[in-house]
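Everything on this sheet refers to the single structure shown next.
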Amino acid sequence: MDQIKNDLKEEQTRINYVRNKMIEDVAFLQKQTSSVKTDIVKIRKNFWDDVTVNMDDAVEAGETATSIKQQAEFLSEREHRHKHLDRDLKNLKRLIDTPYFARIDFLEDGERVIESIYLGIASYLDHDSDEFLVYDWRAPISSLYYDYSLGPAEFTAPGGTVRGELKLKRQFIIKNAIIEGMFDSGITIGDELLKEVLGKQSDTQMKSIVATIQQEQNKVIRNEKGSLLIVKGAAGSGKTSAALQRVAFLLYKYRETLEAEEILLFSPNPMFNSYIRNVLPELGEENMQQTTFQQYLQHSLGEYFEVEDPFSQMEYMLTAQKEDFYEIRHKAAKYKSSFQYMDKIESYLTYLSKQGMVFQDITFRGDVLFSSEAIYSYFYSLSSTISITNRVKLVSEWLLSELKKLEKKERNKEWVEEEIQFLSKEEYQFYFQKLSKQKRFSQDTFDDFNREQENLSKYVVKRHFNSIKRKIAAHDFINMPAIYQQLFELPGKTFEKSVDGEISVSDWADICSFSINEIKHERLTYEDATPFLYVKEKIEGFKVNTSVKYVFIDEAQDYSAFQFAFIKHIFPNARFTVLGDLNQAIYAHHSYSGIEALKHLFDSKRTELIELKRSYRSTKQIIEFTRALLENGKEIDPFNREGSKPVTIKKDSTEALVNAIAQRVKALDSYKSIAIICKTAQESENVYKLLKEKTEVHLVDKRTNEFDLGIVIIPAYLAKGIEFDAVFIFNGSKEQYGSEDVRKLFYTACTRAMHELFVYYKGEITPFISEIPQHLYKEQV
């Protein structure tokens, strides 16, 4: 005990010393930052005063250019200096209250002196001794903390592998520069520290986990082996957290060549973006680009259709079982998400290379400038050896060339003269200035009425024709909706067999009929959105993004094979990290998980698979309950954090459910976040109307952009990736969760709970619970 007290005293003395050093450096950096900022303001203000401008001859002009360049370079250097000083200052301020979270003692082979290494969220160098008082958790030597127990250990440094022995592994809980907890551990990360962190209440923002990264998570973070990293992990295993730390690691390791804007994250919904947005700034890094796949689709297709989003599709699948087209829609969604459907589209594109392209007239003022028949004829007059994309480019060039000829003819039309006559004084002056700059006429010739008319006619027609040129450049002469619709109108044998193993001839006919009706009404189902865009891009040319170097996809189990293939087309140079849990694959109508399909899209030799089987989010009791809901649940390893068993409560009516939940929620007022999870958005709205009169609640729907604390009512499919202190399943009955199709949806909802889980129901409880051992939960009346 005396040794522990002495160690604690020594560690606190070191923290005090480091903190005082940091306070001194903060003051110094603030002074430097302010001085450099003053320089920047002064340079910008006096930029041209300090530049010698003389354009009298070539020599003077060259000296002027050199002078401007030097001044610009000096300004750039000051701005670069300010950026680095500001970053160092922010990192230092973050370190002051919690300088570090761990210490490791390492004896390198061949050395006699044990080196003590302290790990924090950023490095801190003592400029007096030129030694690191704190090492960044991403530094090569820091991997010893995450990957090894006491004993032989090694890490990869820039100069090669360094081997030795790990003598000590110590973890700290430090707040306001005071040690509140200190643990020596022989395992990767001590359970004491993890329990302290995991036992806390949830927040509106996901937090950094650098102090509690586990060995298997560290493999995800530091992996650099291939083009594709697949991370399969149980609910609460830290997939997303590890991915965000991975982004921070990549930005640290490749800081000279990688910018945050060159990393893109596809997240499940906009609310999730708000939930994770503080993790990287906490670590002193800028956020990467964040979007949802739906936002990309909407941006690309909004001009053509009313595009269904995945949540509307999910809502339909969960609520419309009795509607006439439900079964066909279900089969269509499954088939259109598959590689087989992509193959069918490729066959259709081959057909289009020979015949069948659909074009539309290009008109101006009610007259047809280029008929669809003329465009069709020119397109297929081009050699069939030329790709569709290149022929489209040639058609565009032809149309623009022909448009120039038509533009000359148009100048003599009556409408042009009328428009010139009715020009306002301001418009006339505007045209005059434009034409003068273009040297169309001079002041001496301006009185020549005919010359003036001619030039003004040119300008007026040119202005009107510019919009036609833009449409041609945007390929508006191609009737994309009609081309996609034609896919369902042509007999299958025209371009390919209509049955692809997974779908019958009659089902395909029904799918075609349904799809044609939707397209005619300018609606595009979610399962059609990616295939439509794929056809469009294959015809017009893929708009690839070569600047993105890393793509991260969260909740990857909800992406279809078709969607993954499309995303890979968009980012041909990127390395992919995909994170998912097949047990949370709630889109049961997908043909099969896109995660599995990824194996066909990447070289197997450059693909890495890491599985995270240990779950940390929930208490041991909740994890044991939720894993029993799954056929393969035994593979999930619960972290040993004790808590209450999940509780099931039966009520006779919806009103009784609402009253009971309202009462229980009030009793849990110490919790920061409580979720009342419903099966659908429709049910969520109904429950909200009933509960808002009894307690303060917030309704979350697909339009919600911010994750807030308090009591929320939320559909199960929107709760993915988020955690709550307590979760209430509003109606876990057989009526609501009786179909095998929604087992994973129910599992997903239950796994959102960190500390307590309540399943309310009326009638008969879901078979997912009635079939599991009763000792895993408590029943209450």
Side-chain angles (χ1 to χ4, degrees), residues 22 25-26 29 33 79-102 118-125 132-143 145-146 158 197 203-213 217-224 229 231 238-267 272-291 547-554 571 574-577 579 707 721:
M22 288 179 174
D25 281 358
V26 163
L29 281 173
T33 304
E79 289 174 336
H80 185 72
R81 173 73 175 150
H82 183 268
K83 180 181 177 181
H84 281 271
L85 285 171
D86 188 57
R87 184 192 63 191
D88 291 345
L89 182 59
K90 286 177 180 176
N91 281 340
L92 207 48
K93 285 180 177 179
R94 271 189 285 268
L95 287 173
I96 281 181
D97 288 337
T98 308
Y100 38 82
F101 55 81
Y118 288 82
L119 279 62
I121 63 169
S123 295
Y124 176 58
L125 180 69
F132 280 102
L133 298 181
V134 183
Y135 281 85
D136 193 296
W137 66 277
R138 297 164 290 187
I141 197 169
S142 302
S143 64
Y145 170 70
Y146 300 111
V197 173
D203 204 344
T204 59
Q205 304 290 328
M206 180 180 282
K207 300 297 183 184
S208 161
I209 60 163
V210 293
T212 57
I213 292 169
Q217 294 169 335
N218 197 42
K219 289 179 182 177
V220 173
I221 293 166
R222 296 173 188 262
N223 184 282
E224 300 175 70
L229 173 62
V231 183
K239 298 182 296 297
T240 303
S241 294
L244 294 173
Q245 318 303 313
R246 173 169 169 74
V247 172
F249 170 76
L250 292 169
L251 289 171
Y252 172 83
K253 175 144 191 185
Y254 302 107
R255 53 192 175 278
E256 300 300 326
T257 57
L258 181 66
E259 300 289 339
E261 62 191 25
E262 294 172 323
I263 302 175
L264 174 65
L265 168 68
F266 281 104
S267 55
F272 186 78
N273 286 342
S274 78
Y275 183 57
I276 65 171
R277 68 184 171 203
N278 275 356
V279 174
L280 289 173
E282 272 185 16
L283 299 170
E285 301 291 355
E286 294 179 17
N287 264 322
M288 66 274 170
Q289 296 185 68
Q290 291 174 237
T291 188
S547 64
V548 170
K549 295 178 181 176
Y550 289 89
V551 171
F552 286 72
I553 302 177
D554 205 359
F571 304 103
R575 292 187 173 193
F576 281 71
T577 300
L579 316 125
F707 177 66

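Atoms considered below: every heavy atom in the structure, side chains included; atoms not considered: hydrogens, waters and symmetry mates.
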Practice problem: Not counting sequence neighbours, which residues clear salt bridge (charged side-chain N to carboxylate O under 4.0 Å, His left out) with E259? List them please. | Solution: none
Quiz item: Under the side chain to side chain contact (heavy atoms under 4.5 Å, CB included) test, which residues partner I96, sequence neighbours left out?
Solution: R19, M22, I23, V26
Quiz prompt | Inter-residue atom distance L579.CG - F552.CZ, 0.5 Å rounding | solution = 7.5 Å
Quiz item: With a 4.5 Å limit on heavy-atom distance, are the side chains of Y252 and W137 in contact?
Solution: no
Exercise. Over all heavy atoms of both residues, which pair between T240 and F272 is shortest? Give the atoms and the distance, please.
Key: CG2-CZ, 3.6 Å
Self-check item: OH on Y135 to CG on L125, rounded to 0.5 Å
Solution: 9.5 Å
Quiz item: Is the F571 ring parallel, tilted or perpendicular to the F266 ring (thresholds 30°, 60°)?
Solution: perpendicular
Practice problem: Report yes if the side chains of E224 and K253 come closer than 4.5 Å at any heavy-atom pair, otherwise no. | Solution: yes
Exercise. To the nearest 0.5 angstrom, please state how far the CZ atom of R255 sits from the CZ atom of R138.
Key: 8.5 Å
Practice problem: Would you mind reporting whether L92 and Y124 have side-chain heavy atoms less than 4.5 Å apart? | Solution: yes
Quiz item: Any donor-acceptor pair under 3.5 Å linking the side chain of R94 with the backbone of P281?
Solution: yes
Practice problem: Kindly give the heavy-atom pair with the smallest separation between P99 and V134, and that separation in Å. | Solution: O-CG1, 3.6 Å
Practice problem: Applying side chain to side chain contact (heavy atoms under 4.5 Å, CB included), name anything that partners D88, two or more places apart in sequence or on another chain. | Solution: L29
Quiz item: Checking S123 side chain against D136 main chain: does a donor-acceptor pair fall under 3.5 Å?
Solution: yes
Practice problem: Could you label the plane-to-plane angle of the F101 and Y145 rings as parallel, tilted or perpendicular, counting under 30° as parallel and over 60° as perpendicular? | Solution: tilted
Quiz item: Can you name the side chain to side chain contact (heavy atoms under 4.5 Å, CB included) partners of N223, sequence neighbours left out?
Solution: K225, L229, R246, E608, I610
Practice problem: Using the side chain to side chain contact (heavy atoms under 4.5 Å, CB included) rule, take Y146 and I221 through it: C-alpha gap first, then chi angles, then the decisive distance, then the call. | Solution: CA-CA 11 Å; Y146 300 111; I221 293 166; over 6 Å; no
Quiz item: Which heavy atom in E286 sits nearest to a heavy atom in A260, and how many Å separate them?
Solution: O-CB, 3.6 Å
Quiz item: So, the side chain of S267 versus the backbone of D554: is there a donor-acceptor pair under 3.5 Å, distance only?
Solution: no
Exercise. Give, for atom OH of Y550 and atom CG of L264, the distance between the pair rounded to the nearest 0.5 Å.
Key: 14.0 Å
Quiz item: Name the one of M288, K549, Q289, Q290 that satisfies side-chain contact (heavy atoms from CB on, under 4.5 Å) with I263?
Solution: M288
Quiz item: Roughly how far, to the nearest 0.5 Å, is CD1 of I276 from CG of L265?
Solution: 5.0 Å
Quiz item: Of all residues at least two apart in sequence or in a different chain, which pass the ring-ring contact (aromatic ring centres under 6.0 Å, His included) check with F576?
Solution: F602
Quiz item: Is there side-chain contact between V279 and Q245, with heavy atoms separated by less than 4.5 Å?
Solution: yes
Quiz item: With a 3.5 Å cut-off and no angle check, do the side chains of E262 and Y254 form a donor-acceptor pair?
Solution: no
Quiz prompt | Results of side chain to side chain contact (heavy atoms under 4.5 Å, CB included) for T33 - residues two or more places apart only | solution = H82, L85, L89
